[in-house]
Each structure stands twice: as structure tokens, then as C-alpha cells.
Amino acid sequence: MSVLRGQGHSHGSSVAHWSRLKSFLILLVSTVLMSLSADLVTEHIQPLLGENTVSIYFIGVTLLALVPDIPEVVNGIQFALQNNISLSIEVGSSIAVQVCLLQVPILVLVDVIYPINFYLIFPDIHLFSVIFAVFVMNYVFQDGKSDYFQGFALVLIYCILIFMYFFAPNPEGIKC
């Protein structure tokens, strides 16, 4: 009860000192800045794609996927440093749920209203990667506990998938 009154502070608890207007404005400004940074990354990636030295799968899985999600990654790391590994993994997995349940259906609906030629055809490499990731995340969440070994295994699996996408050949007939 003392935390609610602002008299005592314990590790990991805090009292909000921002008004709703200030919080909303900071959220709005940070959202605009993140969208501008994502736009800059996608705009300046074209010369790299034109050289044909790096797989477009690698760029899509690493650079283009991570730039918009930097705030979630930073929060996940902060929670992990505070020994709240379960919340850290939950923040990381909620990014994928957000994309699957919100962003992709919105793109499909936008394509119905305003045709932008959005196709949901996945090559085998993507399909097997997603199935493998679902099995691994199910294993991690199954017992409700996490430790450093599971975290190391997740990082190792991420590195393996990144190497797989790095050496994957570019698909024929796709111009970026």
C-alpha cells in the first residue's frame, strides 16, 4: 500500500509522474520518429539490394524486421536485466502475435479495398522456419519457467536461422 501512496519504493515498482497529455505526446512523437527511421532504412536499402551480394531474405528477416521493433527489443532486454525473464520473453513473442493477428489481416483488407498486389505465398524456407519457431517457443513457454540455458538456446536458434537466410539464394524474378 505504501507504493500506491508514494511513500515507499521497492525494486521494480514506480509511480507515474506524467500526465496523460504528456504521455500521449511523447508516445506520438516517438511513434513518428520510429516510422521515419523505418522509412529511412527502407529507402536507403535499395542500393544494397541492387548489388545482389546479400540475400533479400536476410535483409528482410534482420534489418527490416528489427528496426520497427527496436523499442520492444530494448524493453525485453531491460526486463531480462531486472531478472524478469518471463516478461522479457513475453514482450518478444508479443511482437510476432501483433504481426500475425493485426498487421497481416489489415494488409489483406487494404488489398481488397485498394489493390496493391499483396500476395501471401510463402516459399518452403519461410514455412519451415515459422513451424520450427512455433515448436521452439511452445517448448520454452510450456513449463512457465525460463533459465539461461533456454535463453542461450533461443539465441543460438536465432543465429542458425539468420545464417540460413544469409546463404539462401535470392528468388528468381523478384525485383526490389
Minimum heavy-atom separation for I125 to M164, with atom names?
CG1-CE, 3.8 Å

Shared hydrophobic cluster, I45 / F166 (ILVMFWY, side-chain heavy atoms < 4.5 Å):
yes

Kindly work out whether a path of hydrophobic side-chain contacts (I/L/V/M/F/W/Y, heavy atoms less than 4.5 Å apart) joins F152 to V136.
no

Suppose we screen for side chain to side chain contact (heavy atoms under 4.5 Å, CB included). Which residues come up paired with N83, at least two apart in sequence or across chains?
Y148

Side-chain touch I157/F132, heavy atoms, less than 4.5 angstrom
yes

Taking atom CG of L87 and atom CD of Q82, what is their separation to the nearest 0.5 Å?
9.0 Å

Contact between S129 and Y165 at the side-chain level, heavy atoms closer than 4.5 Å - yes or no?
yes

Is the shortest side-chain heavy-atom distance between Y57 and H126 below 4.5 Å?
yes

For residues 27-36, run the donor-acceptor check on the side chains, cut-off 3.5 Å, and write out each pair with its distance to 0.1 Å, sequence neighbours left out.
from : atom 1 : to  : atom 2 : distance (Å)
S30  : OG     : I26 : O      : 3.0
S30  : OG     : L27 : O      : 2.9
T31  : OG1    : L27 : O      : 2.7
S35  : OG     : T31 : O      : 3.4
S35  : OG     : V32 : O      : 2.8

Membership question, hydrophobic clusters at under 4.5 Å side-chain separation (ILVMFWY): are F167 and F58 in the same one?
yes

For a quick test of your reading: what N or O donor-acceptor pairs under 3.5 Å do the side chains of residues 106-118 make, sequence neighbours left out?
from : atom 1 : to   : atom 2 : distance (Å)
D111 : OD1    : I116 : N      : 2.8
D111 : OD1    : N117 : N      : 3.1
D111 : OD1    : F118 : N      : 3.4

Mark yes when over 12 heavy atoms from residues, nucleotides or ligands other than F24 sit less than 6.0 Å from its CZ; otherwise mark no.
no

Evaluate the side chain to side chain contact (heavy atoms under 4.5 Å, CB included) criterion for residues L161 and V61: first the C-alpha distance (whole Å), next the side-chain angles of each, then the deciding distance (0.1 Å), finally the verdict.
CA-CA 9 Å; L161 289 174; V61 169; over 6 Å; no

